[in-house]
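Predicted, not measured: the structure shown is a model, and the values here were computed from it. Here is the naming used below: chain letters follow the sequence lines, and residue numbers restart at 1 for every chain.
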Amino acid sequence: MASIISISGLTKRYASGHVALHGVDLEIEEGEIFALLGPNGAGKTTLISIICGNVTGTEGSVTVAGHDIVRDYRGSRRAIGLVPQELHTDAFEKVMSTVRFSRGLFGKPRDDALIEKILRDLSLWDKRDAKIMELSGGMKRRVMIAKALSHEPRVLFLDEPTAGVDVELRRDMWALVRQLRETGVTIILTTHYIEEAEEMADRVGVISGGKLILVEEKTALMRKLGKKTLTVMLADPLPAVPAELAQWDVTIKGDGHELEYVFDTQAERTGVSSLLRQLGDLGIAYKDLNTRQSSLEDIFVGLVHRDADAAEAVA
Amino acid sequence: MIHFSLNAVSAIYTFELARFGRTILTSLATPVITTSLYFIVFGSAIGSQMKEIDGIPYGAFIVPGLIMLSMFTESIFNASFGIYMPKFTGTIYELLSAPVSALETVVAYVGAAATKSMILGLIIFATAHLFVALPVAHPVAMIGFMMLIAITFCLFGFILGVWAQSFEQLQVIPLLVVTPMTFLGGAFYSIAMLPEPWRTITLFNPVVYLISGFRWTFFGKGDVAIEWSLGFIAAMLVICIAIIGWMFSTGYRLKK
């Protein structure tokens, strides 16, 4: 599939000297839902802000729908709808007029039929004449999405769309994002909820300390998630894996006191019972058993820590 | 390629005028009432005791200065608020991420604020007719001069709004600099009435040239030659445009 966004070597150094992004390279494919995952302060918002035009990048280049974001900012920005993390709204404006304003601001001629459709899809039509200040937080978030969609963007950025949003609204938001994808809109969302990335994304990128440390298909990540680790605490330490256990993917840990077996929970035969039978047949006694499932969260935390350690080692 | 998005400019322009519309009472009634009070106090009560200045009755003499006083402060206030509020509330994200050039942004914001200043100036002009007989020697020049003043001071207000990082900073320049300079700039007197050295010192106040020029459009004469007035207003316009150009090219206080 063709890339709709190409980012290469993107670096951002703020005036304070803080480096928010270190040479990020990323291709976003047209029509996908891409989740950018990372802890607070990892650079997610900076990355989005540069692509959208709110922050100026220091080095590197970005193209959106083939338009360079600096040289041809009109072309790139016309293709983008942005829903920022904070609820920035004009309190005194009415819902309908603020959405109409956004469409005009992006250079499009007035189209009230389209705006009606957007407001209806977002369950905002009944509130079209309400002042924004009269709306609840969730409704304000919807207004911001309506504003971002008003000029029919090809790419929609949702910066932490469900931060501080109740469970019901979060479900609605997910349904909305899927519905948008059906219409061919590419969606990039940032989140620090793993659950959200798992639920929604086609691909997941993990960003930490301004570096993109992993970009992978969600299904590939889920396969890693499907793995479980069985740890067998041995009564007596083993110097090496006995040849009889070769058919299982077993390793020795903890100075020979532990046997570790990684297996796929999705597989027809996990091999757990046969391994334990074989241990019994070999007369290897064990004190305890423990199984543990690795989650996306583990992978994520592991990646982020490894990265932080590496950064410290360099410093 | 020369590109100008009329849709974007009209969206901002209409939005800004709608904002003024919501506060129509405070934004138009207040200056009109204030100016009427000036007319009653200075024009009628004190003015009746005053000699004519250059053959012009005092009540009529102060009209151009009063219009200028209101237009200076309102232009700065409106234009600075127009761009400061989105910065303050955070809604500027949308402007920065929109396919809108610096020129379009300035034309829309400054155009809207200048429109409001023009309406205000004309309302005060009309109100003055209720109090004094007011001949206008050069009506076209008067409108043209008002437009120049409105645009220049709205540009200045725009700069102030981009620069300001608090409401206090937003108000300090109009209140502490522009208003005193206007009072001292011959709004209520001819600088010919001042003794030396004040008369010479006053010539360093740019507002003198603006008020004098505007007064020329009414009465065909001012404290200084009309060319000087036009020169000053042109210089101020160019300086403001240059500063705005610099602000957008560096992203000064708009973009990180």
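Both the backbone and the side chain of B:Thr91 come within less than 4.5 Å of a heavy atom of chain A. Looking at A:Leu82, both its backbone and its side chain come within 4.5 Å of chain B, counting heavy atoms on both sides. In this structure, chain A has no heavy atom under 4.5 Å from any part of B:Leu6. With a 4.5 Å cut-off on non-hydrogen atoms, A:Tyr14 touches chain B through its side chain but not through its backbone. Proximity to chain B is limited to the side chain of A:Lys12, based on heavy atoms less than 4.5 angstrom apart. The parts of A:Thr56 that come within reach of chain B are both its backbone and its side chain, each placing non-hydrogen atoms under 4.5 angstrom from that chain. Both the backbone and the side chain of B:Ser101 come within contact range of chain A, judged by heavy atoms closer than 4.5 Å. With a 4.5 Å cut-off on non-hydrogen atoms, B:Arg22 touches chain A through its side chain but not through its backbone. In this structure, chain B has heavy atoms under 4.5 Å from both the backbone and the side chain of A:Ser102.
Each of B:Ser97, B:Ala11, B:Ala108 has some count of heavy-atom pairs under 4.5 Å with chain A, and the biggest count is that of B:Ser97.
Contact detail for A:Leu105 and B:Val100: the closest heavy-atom pair is O-CG2, 3.3 Å.
With respect to B:Pro99, the side-chain contact (heavy atoms from CB on, under 4.5 Å) criterion is satisfied by exactly one of A:Arg77, A:His67, A:His151: A:Arg77.
Judged as a ring-ring contact (aromatic ring centres under 6.0 Å, His included), and not counting sequence neighbours, the contacts of A:Phe101 are B:Phe15.
Side-chain contact between B:Ser5 and A:Arg74: present, with at least one pair of heavy atoms (C-beta onward) separated by less than 4.5 Å.
From B:Tyr93, atom OH reaches atom NZ of A:Lys147 across 5.5 Å, with rounding to the nearest 0.5 Å. To the nearest 0.5 Å, atoms CD (B:Glu94) and CG (A:Asp90) are separated by 8.0 Å.
Under the side chain to side chain donor-acceptor pair (under 3.5 Å) criterion, the residue pairs touching residues 121-136 of chain A are A:Lys117-A:Asp121, with sequence neighbours excluded.
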